[in-house]
Each structure stands twice: as structure tokens, then as C-alpha cells.
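Working notes, beginning with the structure itself.
In what follows, chains carry the letters A, B, and so on, assigned in the order in which the sequence lines appear, proteins first and then strands, with residues in each chain numbered from 1. What's counted below: heavy atoms across the whole structure, side chains too, no hydrogens, waters or symmetry copies.
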Protein chains: 2
Amino acid sequence: MDNSDSTSKGPPTLKTIAFMTGLGISTVSRALKDGPEIGAATRARVKLIAAQVGYRPNRAGVRLKTGKTNVITVVLNPGDDGSGFFSNFVYGISDALTGTSYHLVVTPYALGDAMAPIRYIAETGSADGVIMSRTQPDDPRVRYLLAHGLPFATHGRTEMGIVHPFHDFDNEAFAFEAVSRLVAKGRRRIALLGPPPGLTYHKHTHLGFERGLRSWGLSGIPLSSIDIDAPLWDVRAAARELAARSDPPDGIICSAVRSSFAVAAGFADQGLSIGRDFDIVTKHSTDLLEMLRPEIIAIAEDFREAGRDTASMVMAWIAGTDPAGLQRLVTPETS
Amino acid sequence: MDNSDSTSKGPPTLKTIAFMTGLGISTVSRALKDGPEIGAATRARVKLIAAQVGYRPNRAGVRLKTGKTNVITVVLNPGDDGSGFFSNFVYGISDALTGTSYHLVVTPYALGDAMAPIRYIAETGSADGVIMSRTQPDDPRVRYLLAHGLPFATHGRTEMGIVHPFHDFDNEAFAFEAVSRLVAKGRRRIALLGPPPGLTYHKHTHLGFERGLRSWGLSGIPLSSIDIDAPLWDVRAAARELAARSDPPDGIICSAVRSSFAVAAGFADQGLSIGRDFDIVTKHSTDLLEMLRPEIIAIAEDFREAGRDTASMVMAWIAGTDPAGLQRLVTPETS
DNA sequence: GTTCAATACTGAAACGTTTCAGCTATAATT
DNA sequence: AATTATAGCTGAAACGTTTCAGTATTGAAC
């Protein structure tokens, strides 16, 4: 019935190898995955032939039968395009996936509905694991994925009493350290331009900021109407206003490089000079800052490593590792 | 034999709908894709039920049967991580793929072997179409994909007499315009920091540069030992050397924002002042530049649009459009 | 020399889809 | 009235994999 496979065109399948070895398809399948009850000699022979013909399991076949997609997906966030975060993050994920059977698919965002991509992934079963960023303390995506039994890892923590893999930068320590550095430069009127409210690291950043202020006996300058997600020109305008006050801040902490540039520009607009009238501390993930604005004090955050971490964690969770062990908080360099 | 599907768990399949409508599976399949020989009433009924139960075709099933993967893949390039190109490009691709059946997968690079990812994609049939960047005049990837009948689109042109979809920025026009702008500022000793040799747009950029020089009767300053791919500190050092010459350039054209910063820094190291002693023209794809170094003259290149374009082109080619019509050369803004 | 167990293998079914080759009414043609 | 065409539907096979339920063969145990 089934035509002999010696003449078959297209990539080799289990059938090809079965034909070449004279074995049954099921035997070949088992031999290749070191299943039980296969003779050592047979196993070796099958593997040899498989290697010679360049056999690669057909992903669709595996996926259809087992339900395993061999896909990890990273969910896009609106607005991450220009920030430099995403490139590095994806390169990191790609680093971790190279050499595994996993492919990386990028899931688009849906404007105004952060849950939509998550639901799509779960409903269509399009991935074995999910990587997402910009977590909130009470994050519906985390709840949903957990309820659906879909492994995931986040860039950023949550506060739901749910144990899940995450990679996070210790923004509390960052903000504290930032205050310390500014104080070391003699700055005493310190403002914070932090992440948008709602995100977990907004909380952490503010906590560290407050703790820093307290520990040096200072009171900070609130910047409640603007955050690092705002368009650069808005940040610049806000900075300009700030600089025009009778007692402008002489130290600014900024949670993103991009906006630190805007702040610097806004202060410059008012004739204030960085290093003389004020200083800025920001995060950076590239050598660009050092080149560009060496006057801005930089504390490094490595997004590529974050990508590598989250990807490894998801794969480990899928493989059965207890998610409780898959958590990493990166401490910023101090001094 | 087959258990009635009313109680089935998991996502709905054709069988579910077949059971609910009382029709056969094949009828449902045809009805959903507007196949021939299905009554209008039946078709409507099937579609209604399908929508109600939230039917989504199982990708693995389709892929196994038809060989169509519904995947477009973008190939990573080593070193694109920090450049800002990649984020924007992927967001653009994602824009174009949203609402279609295509998923975007990111194929990792293999260090030292640009062909490896391409071969992998073709051999494993893991995508219906490929997007790649950084083309060379004689590009083996293009030759290979064409030989294997795999649709693709490039960011950048080739010169092999092969017609294929591409999106490209007219770097010849860019360089010419850049010279003109510098000349308009009174600059006469103009240097070019261009793309690495080997890439097609290296050629274009140099052509435009030469043409610009000729048309203003100038002779350019060659920068043959360094290009925009070099580490920023190397660029800065090279710029410093350049600035230390007895007759340093007073105009620099730079094919990437990042390195334009390094050039500015290198010249500043030698005490030269931008706007007074020299000017820089570069490409930019963000508002950052304007904020940061308004003194640097910027000509916009939109990478997100490039992503949208290449993705649309690949899909069109897959759908049967003549690739000859799928080419776009974007002219830089002039004035 | 029958029974039992272990070893090494095999066939068939199933995952969800598409598609080919029918099949059955009804309508149109002669 | 018999034939044929057609519209509208259906069953079965196939894509490549995994896995369940066997089946020979061998060797040991009684």
C-alpha cells in the first residue's frame, strides 16, 4: 500500500528511516528519543542513519500529535519600539533559545487591551510558554496564564502572592543608590522621574527614592504628572517648568535613558548647566550614554541578560522545574 | 465509532461544528473557506456557528496537511541589537502581520555563518516567507532562497540581475543631500563615515557622496579604515585623530545616529565645536536626536515603515503577486 | 514441556486539516 | 419516461508524529 520510500521527494521522515533500516516507524520514533525497549544496536543504527540523511522531526506532526508547540512567545508592548529595551530583550531571548528546539514568536499587542494577546495565545494554544514585560502589582495576565496552566516568565515582579518566574532589576536599590550618588555630589533638592504608575517597578522605584531621602534627611520633589513613558517633548516641557521654579531641583533621578536626555534638554533650555547647577542619574543599557552625555550619571541595567533569563526560566518551567526557584533579582552596581 | 462531540473538551474543531450543524466535516471545511458547491444557507449557518463557538483552525493541522506554515520569519543580524533598527523594524513587521493569519518568528543568527539561518529555514520548511536585512550586492542568501522557491523580501537592494521584493532607503540621494546641506553651511572639507564595505548601501552611499563632491567641486576625505559598525569607542578615537589633523574635516556625513554621536564626541575631545568648527549630517529614526543634539543635522529614515513594507511584500509574493512590482525605494526628505 | 516473564519490535489509531472521489436527490434535457 | 446534469453534500485518505495494545522470540522456571 504505502509506496516504498526510497524515491520519496522532500525532507526525510520517520518513514524514510524506517525504510532504510528495515524497521517499523514506531521503532524508529522510539529509538530516536531513547525510549525504552529498544536494543542498543538498533538504537545506534537508527541514530546513525537519521544523522546521515539529516532527519529533523516535522514540527507540525509533533505539534498535532502531542500538542507541544515548541514555541516560546514574547508579547509586544505598545511603545517599546523606540526604547532600546525590546531589541536587547529579544536578542537575549534568542541567545537562550539557540540550540534548543524552541522557536521564538513575537505576539503583537492590541491597542487598549493588554489581555487580548494573552488570551489569543492561550485560546489558540500557540505557544508552550510566554514572556512578558511591564508587570503590574496585580497583573491580570499573570492570573490568567496561571489559571490556564501556561508557563510564563515576566520581566518585573508582581504582588499577588503568586509564585512565578521573573527576572527583575532591583529598582528600589537603584533609586536609593541614585539618591546617594546625588547627595555625594552635594545635591539636596532631588526629583524623581519614574515609571508610569500602575507598573510594579513604579512602586519599587518610589520606595527606594523615599528611603534614600529619609536616610539623608531630605524631602523630595514630586513629579506626579509626568513619567518616563511620556513623549519626549512633554518630558522636556515638564523639565523646563521644573527648572523655572524659584528653587529648581538640583538632582534628578530618571528611570529611562531617553527621558534623561529630555530632562537635560529641558533644564538646558532654562540656562541651567549639568554638573554645575544640577545632576542626573539614570539607567542605561548601552555605551551610548557614556559617549553622549558623560555628565549624566549612569547605572547599568542589562536587558539582554533579562531576555536570556526569562527565556531560560520559561523553558525550565516547561521542563518541569519548580517555578519557585526561577526568580532573579539583579542588584544594580553600587559605589 | 467517533464519539459524539458534544462533550468534547478543548477548543472547538471542525468536528465540533460538524456535529452541531449535523453536517460532514468536509462540508464544514469547505463552507468556512467559501469553497464551491456549498449552499448559501449552509454556508451562512456554518459560519454563524463557527463564530459562536469561537472556532479557530488548528495551525498544526493545516500545516501538516497543506505544508503552509503561516509563518513569516525575520532573520536576526549579529550586532543589530543596540542600533535601534531592529526594534522599529519588528514593530513594523508586526503592524503588517496583525489581522492576518501570519505569525512572526525571529530566527537567530549563527556567528560567522550568515547562510546558516537561511538554510535552516529552507531545509526545515519553517516559514512561508523570509525577511532579511543588510543585503550585499551579490547576496548568497537571495540566490539560495530564490533557488529554493521561498518568497522573501529584503531591506536593501542587491545587484544580481535578480528581481525580488525589497524596501530600501535611497542612500545615494541621502549622501548627496547630506553633502549639499553641509555645503550650504559653508563646509568644504567633508568626510564620510559610511556603512561597512560589502553591503549594498555602502556602495550607494559612496556613490552619492562622490556625486555630491563633484557637483560642488570638492574632494572628500576618505575614511576607509572605519565604518558605522565599529564599536563606538573606536569611532570616537578615529574621529579624534581626524580632528587632530592639520586640516580636519569641517563636515562629516554619518550613516548611523549612534556613530554620529561618537564622531561628535571625538571632535569635541579635540576642542572642536559643533556648529562652529564643523557640522554633522546623519540619519535618524527617532525624535531622540533632535532632543539630544539639535546641532546635528538629521535626515529621517523610518525603519518601522521598512518593516511594514517588507512584511507586506512577502505576504503579497506568497499570495501570488508578481515580485517585480514589490519594490520600494524611499527618497529622503530634501531641502 | 508447558507456563511465565522479559525483550525487542510492530501495526494501527489518533491529533485536525484538506481534498479527492464518490453519492443522492432534484432539476433539466431529450 | 428515461437519461443526464448539477447542486449539495459525504466518507475516506493523507500529511508526520506518538503511543497503546499487541506479537514474536527467547530464556528461565516449574
Query raised in the report: Taking side chain as C-beta onward, heavy atoms only, is A:Leu23 less than 4.5 Å from A:Arg45?
Result: yes
Query raised in the report: For B:His103 and A:Ser126, does a side-chain donor sit closer than 3.5 Å to a side-chain acceptor?
Result: no
**Report entry** Bend angle of the helix from C:dG1-D:dC30 to C:dT30-D:dA1, from helix axes over five pairs at each end, nearest 10°
**Finding:** 70°
Query raised in the report: Which pair of heavy atoms, one from A:Arg304 and one from A:Asp302, lies closest together, and at what distance?
Result: N-OD1, 3.0 Å
Query raised in the report: Which whole-number value in Å describes the distance from A:Ile17 CD1 to C:dC9 P?
Result: 15 Å
Report task. Between protein and nucleotides 16-21 of chain C, map the contacts as a letter string: B base, S sugar-phosphate only, - none, heavy atoms under 4.0 Å, written 5' to 3'. Result -> BBBBB-
Report task. Answer yes or no: is there a side-chain heavy-atom contact under 4.5 Å between A:Ile318 and A:Lys68? Result -> yes
Query - Donor + acceptor pair across side chains of A:Asn58, A:Thr13 (<3.5 Å) - result: no
Report task. Can you sort out the partners of A:Arg59 under salt bridge (charged side-chain N to carboxylate O under 4.0 Å, His left out), two or more places apart, ordered by chain and number? Result -> none
Query - Aromatic ring proximity B:Phe85/B:Phe303, centre distance under 6.0 Å - result: yes
**Report entry** Gap between atoms CZ and C1', on B:Arg43 and D:dC9 respectively (whole Å)
**Finding:** 13 Å
**Report entry** Contact check, side chains of A:Phe166 and A:Thr135, non-hydrogen atoms, under 4.5 Å
**Finding:** no
